[in-house]
Enquirer: 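Got a structure here, written out as structure tokens. Questions coming.
By convention in this document, chain letters (A, B, ...) are assigned in the order of the sequence lines, proteins followed by strands, and residues within each chain are numbered from 1. Note that these values count all heavy atoms, side chains included, but never hydrogens, waters or copies made by symmetry.
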Protein chains: 2
Amino acid sequence: MSEAIEVNSSPATLNKKELARQKSQAQILDAAETLFASHGYDGASMNAIATEAKVPKANVLYYFKSKDNLYEAVLERILSNWNLGLIDISVDDDPALSLYRYIHLKVRLACEQPQQSRLFATEVIRGAPYLADYIRQNTRPWFRKKVAVLQAWIDAGKITQVDPSHLLFMIWSSTQYYADYQTEILILQNKLEYEESDIEAITRSTAQLILGGLGLKLPESI
Amino acid sequence: MSEAIEVNSSPATLNKKELARQKSQAQILDAAETLFASHGYDGASMNAIATEAKVPKANVLYYFKSKDNLYEAVLERILSNWNLGLIDISVDDDPALSLYRYIHLKVRLACEQPQQSRLFATEVIRGAPYLADYIRQNTRPWFRKKVAVLQAWIDAGKITQVDPSHLLFMIWSSTQYYADYQTEILILQNKLEYEESDIEAITRSTAQLILGGLGLKLPESI
DNA sequence: AAGGGTTTTGACCTTCTGGTCAATAATTTA
DNA sequence: TAAATTATTGACCAGAAGGTCAAAACCCTT
């Protein structure tokens, strides 16, 4: 991924120009995220994004030199947002509790920010043209560390013997599913939208199945 | 010449026109499926589809009146293909065995026909503009029957008490994930493609976790 | 062999695409 | 205040989009 649009973060220079720039950029990024997520890269036109952001199209191209560039900026914002709330698991942690927390976090993210998850999904489905490098250089090392942690838990007899990679994939899939397939899920359950109680119910059921499969019980103190 | 033979020969009138039509249509549908899956609805142009199918663009529009129509035809072919291989579960079945078989089938479908799964995914992510009706009228009744079966198993004490809907979602997600996120999974595992042995390994791990979460063991006779 | 219907195809149409640019307006700096 | 920067925006461009059409090629019937 090439360089992002620079975001001037020095709080000292809070003149009107900086304010306008940040406001416009945020508006544009929000609009782009919405439209890229719902219509895909090609389905979201610069015109539609500009209209949604309530700025002229030429203004969008003034801040983000090209559509590619804008798309990259949206992806980067999503990834940095995801990394912020990331919960880590490590060898000495209690498996049941830390896995439960990780699942809870992922479910909440999926239900509360489904757009971001969906945009990520469409990017990967297309073959990850923009994210392949990121995954190789950032996600893979992280993934391998977590696999090692899970393997250590298995070796210590803390959880049932199971392929750690597939365990991680199962956690990712079963949580992300509620974002990506939201439309189908809501139709099947005859609902209009997720409620706060759904997040808890989904977390509980998902954690129950996965932890159960690992020979663990749901942690009592939540 | 051979009029008497061809008229009543078989359910398919096998004259040259019919053959050409079926061959062309199949070529076009194949090409459209490939391109819709990899580039999305808007990303796949009629021109590209025609080139991939090795027919002139006007020919594509002769058989399928519009892009919308072609897209619908592709979706319908996928759904009918999926319904063909569908394994049903019913109350009197053995939970472990029938769930294992269902998971196995889903994993194989995901690994061997990832395109179809991905196209379905992008359609649902976009809000299922074409499939919402189908899901409401076909999938939902089927879904509720299966939920009832699972609930019956729970009531009979055959499986652990868990929300049946979420159980079904977990099976769908954890299998479909290997198609939709194939790119990411292959990068993380440093592989080029799935092998036959992967299908077995994925099935085993997935089934082990889900069945374990239900208080069941992997069936020994597979 | 002739006629009627279907299939094939290149040329063409309109609309929309991402992107450019020069003129103008606003703000900061000197 | 004047000069220099930076931001805003309508007009515009070449190319690609989905779709139309009529002439030609093809096949089947009679």
Enquirer: State plainly whether the residues A/R204 and B/D163 are in salt-bridge range, i.e. N to O under 4.0 Å.
Expert: no
Enquirer: Counting only side-chain heavy atoms from C-beta out, which of C/dT6, D/dT8, D/dG10 sits nearest to B/Y62?
Expert: C/dT6
Enquirer: The side chain of A/Y63 lies closest to which of these nucleotides: D/dG10, D/dT20, D/dA7?
Expert: D/dA7
Enquirer: Sequence neighbours excluded and cut-off under 3.5 Å, please list the side-chain donor-acceptor pairs for residues 29-44 of chain A, or say none.
Expert:
from: A/D30; atom 1: OD1; to: A/R77; atom 2: NH1; distance (Å): 3.1
from: A/D30; atom 1: OD1; to: A/R77; atom 2: NH2; distance (Å): 2.9
from: A/E33; atom 1: OE1; to: A/R77; atom 2: NH2; distance (Å): 3.1
from: A/E33; atom 1: OE2; to: A/Q116; atom 2: NE2; distance (Å): 3.4
from: A/T34; atom 1: OG1; to: A/D30; atom 2: O; distance (Å): 3.0
from: A/T34; atom 1: OG1; to: A/Q115; atom 2: OE1; distance (Å): 3.0
from: A/S38; atom 1: OG; to: A/T34; atom 2: O; distance (Å): 3.1
from: A/Y41; atom 1: OH; to: A/D68; atom 2: OD1; distance (Å): 2.4

Enquirer: Only counting residues at least two apart or in another chain, list the ones meeting salt bridge (Lys or Arg N to Asp or Glu O under 4.0 Å) with B/D93.
Expert: none
Enquirer: Does anything in residues 68-76 of chain B come within less than 4.0 Å of DNA chain C? Heavy atoms only, and list the residues if so.
Expert: none
Enquirer: Nearest whole Å is fine: how far is C/dT8 P from B/K23 NZ?
Expert: 10 Å
Enquirer: Among all residues two or more places apart in sequence or in another chain, which pass the ring-ring contact (aromatic ring centres under 6.0 Å, His included) test with A/W142?
Expert: none
Enquirer: Could you note down all residue pairs passing ring-ring contact (aromatic ring centres under 6.0 Å, His included) where residues 190-210 of chain B supplies at least one of them, sequence neighbours left out?
Expert: none
Enquirer: Quick one: side chain to side chain contact (heavy atoms under 4.5 Å, CB included) partners of B/S24, sequence neighbours excluded?
Expert: B/Y63
Enquirer: Side chains of residues 164-172 of chain A: which donor-acceptor pairs under 3.5 Å do they make with residues two or more places apart or in other chains?
Expert:
from: A/H166; atom 1: ND1; to: B/S205; atom 2: OG; distance (Å): 3.0
from: A/W172; atom 1: NE1; to: A/Y102; atom 2: OH; distance (Å): 3.0

Enquirer: Within this structure, what is the CD-to-C1' distance between A/Q27 and D/dA7, rounded to whole angstrom?
Expert: 14 Å
Enquirer: For residues 132-145 of chain B, which residue pairs qualify under salt bridge (Lys or Arg N to Asp or Glu O under 4.0 Å), counting only residues two or more places apart or in two chains?
Expert: B/D133-B/R136
Enquirer: Could you encode protein contacts along nucleotides 13-18 of chain C as a string, one character per nucleotide from 5' to 3', using B for base contact, S for sugar-phosphate-only contact and - for no contact, with a heavy-atom cut-off of under 4.0 Å?
Expert: ----SB
Enquirer: Using C1' atoms of five pairs at each end, report the bend of the helix from C/dG4-D/dC27 to C/dA30-D/dT1 rounded to 10 degrees.
Expert: 10°
Enquirer: Atom CG of B/N59 and atom C1' of D/dC26: how far apart are they, to the nearest Å?
Expert: 13 Å
Enquirer: Can you give me every donor-acceptor pair (side chain of residues 47-55 of chain A, partner residue at least two apart or in another chain, under 3.5 Å) with its distance?
Expert:
from: A/T51; atom 1: OG1; to: A/N47; atom 2: O; distance (Å): 2.9

Enquirer: Can you pull out every side-chain hydrogen bond (donor to acceptor under 3.5 Å, both in side chains) where at least one residue sits in residues 173-184 of chain B? Sequence neighbours excluded, please.
Expert: A/Q176-B/Y181, A/D180-B/Y181, A/Y181-B/Q176, A/Y181-B/D180, B/S117-B/Q176, B/S117-B/D180, B/R118-B/Q182
